[in-house]
Amino acid sequence: MVVFKVSRVQTSPFEGQKPGTSGLRKKVKVFAQPNYLHNFVQASFNALTAEKVRGATLVVSGDGRYFSKDAIQIITKMAAANGVRRVWVGQNGLLSTPAVSCVIRERVGVDGSKATGAFILTASHNPGGLHEDFGIKYNMENGGPAPEGITDKIYKNTTTITEYLIAEDLPDVDISALGVTNFTGPEGPFDVEVFDSASDYVKLMKSIFDFESIRKLLTSPKFSFCYDALHGVAGAYAKRIFVDELGAQESSLLNCVPKEDFGGGHPDPNLTYAKELVARMGLGNSETQGEPPEFGAAADGDADRNMILGKRFFVTPSDSVAIIAANAVEAIPYFSSGLKGVARSMPTSAALDVVAKHLNLKFFEVPTGWKFFGNLMDAGLCSICGEESFGTGSDHIREKDGIWAVLAWLSILAYKNKDKLQDKLVTVEDIVRNHWATYGRHYYTRYDYENVDAGAAKELMANLVKLQSSLPEVNKIVKGVRSDVANVVNADEFEYKDPVDGSVSSHQGIRYLFEDGSRLIFRLSGTGSEGATIRLYIEQYEKDPSKTGRLSHEALAPLVDVALKLSKMQEYTGRSAPTVIT
Ligand code: G1P
Ligand code: ZN
């Protein structure tokens with residue numbers, strides 16, 4: 001048995017270690033500087049308090065991006081030195097973000113232990129590789145991201161840190177081999193357990209969905225399926241679930257081998273970056289070979305995001321969560337006794353609001369970022385929630401869940417086609433169009449201006465806030481651009497008071513609300529690693545069933561015009577077009 005010593009290493013603070021919307025994200029080169037990761041990890045241990053860290057069972061894994069393997073060894077050595085009792089690592093360091101949440105909540109270790117928290121190593125949908133991004137975030141005992149109280153403390157600690165603890169002589173653990181390695185330190189035993197990345201998550205999915213009925217759909221000659229992991233960690237789950245459990249063909253999996261650099265791509269499941277899938281589904285400008293599949297989906301690097309596509313058809317994430325909520329009770333066994341409530345992030349379209357109203361469900365509008373949903377779920381107030389940014393999920397865990405969303409859609413398709421698989425298939429497009437006919441349609445788009453000069457972005461936002469003090473002035477500008485656009489009746493900065501703990505989050509996005517329910521929202525991203533990213537969200541509600549079939553960009557053109565002029569986008573940023581449109 002190896003006995004290790006604890007060293008105290010002198011260090012000094014690095015600037016800018018403030019966790020954003022979802023942890024700390026920086027270029028690999030920044031993270032790889034001597035002491036950089038160490039400082040952040042020690043600051044996190046100190047924020048959690050020594051009392052809680054001592055004896056803890058800590059999950060350490062992530063989406064497998066470049067630098068993860070080094071980071072796992074460093075964190076393991078620091079955990080040992082800080083008195084952690086055991087570290088759990090997914091085989092090869094791989095665990096999707098939703099799987100980490102599942103493992104914290106559900107997994108029982110070989111010695112009967114339960115996890116108390118996790119370091120998740122991911123920068124989510126940001127590219128990976130030597131010149132790209134790395135990231136780290138801490139999740140708590142409920143399986144959800146650390147609340148602001150903790151992340152603020154972590155940040156504060158990073159500004160004053162003077163030393164960290166590390167077991168320098170602890171040998172590197174082989175994270176490719178399943179099993180437990182035992183060590184002994186000054187405070188007693190310390191173990192590292194490497195476990196199968198998928199089995200706990202697969203078990204949870206089988207307890208939520210009716211795998212038998214999904215299997216019938218996936219193996220029906222009427223149906224065809226395609227899943228693109230964009231070389232992210234979702235690949236570690238896709239074969240196990242879609243092929244081994246549900247009978248899909250192996251050829252239906254695209255880019256499902258996780259890679260450290262995501263194959264050089266941008267692992268973000270949207271119409272811009274999921275190029276191969278988009279082409280296969282008959283969308284975009286590319287030539288499609290043969291008949292596209294009936295259903296397609298993609299995930300981001302850490303597999304918490306999802307994009308849902310039908311044959312030549314895109315489902316907006318805002319519609320997706322509304323449609324899942326509208327059909328959950330009938331189609332998904334986990335929800336058969338009813339929904340506790342539903343929630344969306346503020347910039348997400350109001351499609352979910354309309355469903356909540358129809359079904360008389362509790363409804364919540366929270367700031368951007370998944371952590372706000374967690375409190376509602378822990379209090380039993382919310383079953384299903386979603387964000388416009390391709391995030392959908394439920395209270396089965398405390399993170400959004402890309403594969404869960406795909407299984408939810410497959411369940412709805414299986415339910416709608418129950419006993420009818422011999423007839424004409426009810427398609428993804430049919431389901432969405434029927435939904436619009438019942439509830440109306442929320443035309444929706446998001447413009448992202450990435451890596452804009454931070455000062456210019458700040459000024460643009462400040463100007464939009466200043467404008468809000470005079471609605472007549474705002475309406476003069478609006479009407480000057482397009483006389484056919486409704487009046488702005490309200491303009492503010494979104495503020496949220498958590499109904500569970502009473503905490504208040506201010507400055508959560510600038511809103512312009514129009515008389516006909518249309519909305520323009522401006523936010524600065526909290527997840528970028530360079531410069532600033534301005535997000536502009538544009539939404540228009542159409543209740544008249546005869547007008548819900550328009551092309552989205554045509555329906556939204558007047559509002560887009562207004563948004564660009566109102567914000568003086570080009571003047572401030574020098575950009576004549578957004579980097580990405582979703
Ligand atoms: C973005 C999304 C947000 C999501 C977050 C983490 O944050 O907009 O909905 O929760 O990524 O996946 P942002 O960069 O806008 O702060
Ligand atoms: Zn992600």
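Atoms within each ligand, like the ligands themselves, are counted from 1 in listed order.
Every N/O-N/O distance between Tyr537 and ligand 1 stays at or above 3.5 Å. Close N/O approach between Ser124 and ligand 1 is not found [any backbone or side-chain N/O within under 3.5 Å]. Taking only nitrogen or oxygen atoms, main chain and side chain alike, Ser525 reaches within less than 3.5 Å of ligand 1. Residue Glu387 has at least one N or O atom closer than 3.5 Å to an N or O atom of ligand 1.
Restricting Asp302 to its N, O or S atoms, the one at the least distance from the Zn ion (ligand 2) is OD1. Of all N, O or S atoms in Asp304, the one lying closest to the Zn ion (ligand 2) is OD1.
Phe242 and Phe225 have tilted rings, their planes meeting at an angle from 30° to 60° on a 0 to 90° scale. Taking the six-membered ring for Trp and thresholds of 30 and 60 degrees, Phe119 and Tyr138 have ring planes more than 60 degrees apart, a perpendicular arrangement.
Residue Ser124 counts as close to the Zn ion (ligand 2), with an N, O or S atom under 2.8 Å. Among the atoms of Asp300, an N, O or S atom falls under 2.8 Å from the Zn ion (ligand 2).
Residue Gly369 places a heavy atom under 4.0 Å from ligand 1.
Of all the atoms in ligand 1, the ones that sit under 4.0 Å from a non-hydrogen atom of Thr368 are 3 (C), 8 (O), 9 (O). Heavy-atom proximity to Arg535, at under 4.0 Å, picks out these atoms of ligand 1: 8 (O), 13 (P), 14 (O), 15 (O). In summary, the atoms of ligand 1 found under 4.0 Å from a heavy atom of Gly526, numbered by their order in the structure, are 13 (P), 14 (O), 16 (O). Listed by number with element, the atoms of ligand 1 under 4.0 Å from a non-hydrogen atom of Lys400 are 4 (C), 6 (C), 10 (O), 12 (O). Of all atoms in ligand 1, numbered sequentially from 1 with element shown, those under 4.0 Å from a heavy atom of Ser389 are 2 (C), 3 (C), 4 (C), 8 (O), 9 (O).
Using a 4.0 Å cut-off between charged side-chain N and carboxylate O, Glu132 and Lys27 make a salt bridge. Taking the charged nitrogens against the carboxylate oxygens, Arg344 and Glu539 have no contact shorter than 4.0 Å, which rules out a salt bridge. Salt-bridge check for Arg65 with Asp63: passed, with a basic side-chain N closer than 4.0 Å to an acidic carboxylate O.
The distance between the ring centers of Phe262 and His231 does not fall below 6.0 angstrom. Residues Tyr201 and Tyr237 place their aromatic rings such that the two centres sit under 6.0 Å apart.
In this structure, Arg398 forms no cation-pi arrangement with Trp370, as its terminal cationic atom is not both closer than 6.0 Å to the ring centre and no more than 45° off the ring axis. Lys26 forms no cation-pi arrangement with Phe31, by the criterion of a distance under 6.0 Å to the ring centre and an angle within 45° of the ring axis.
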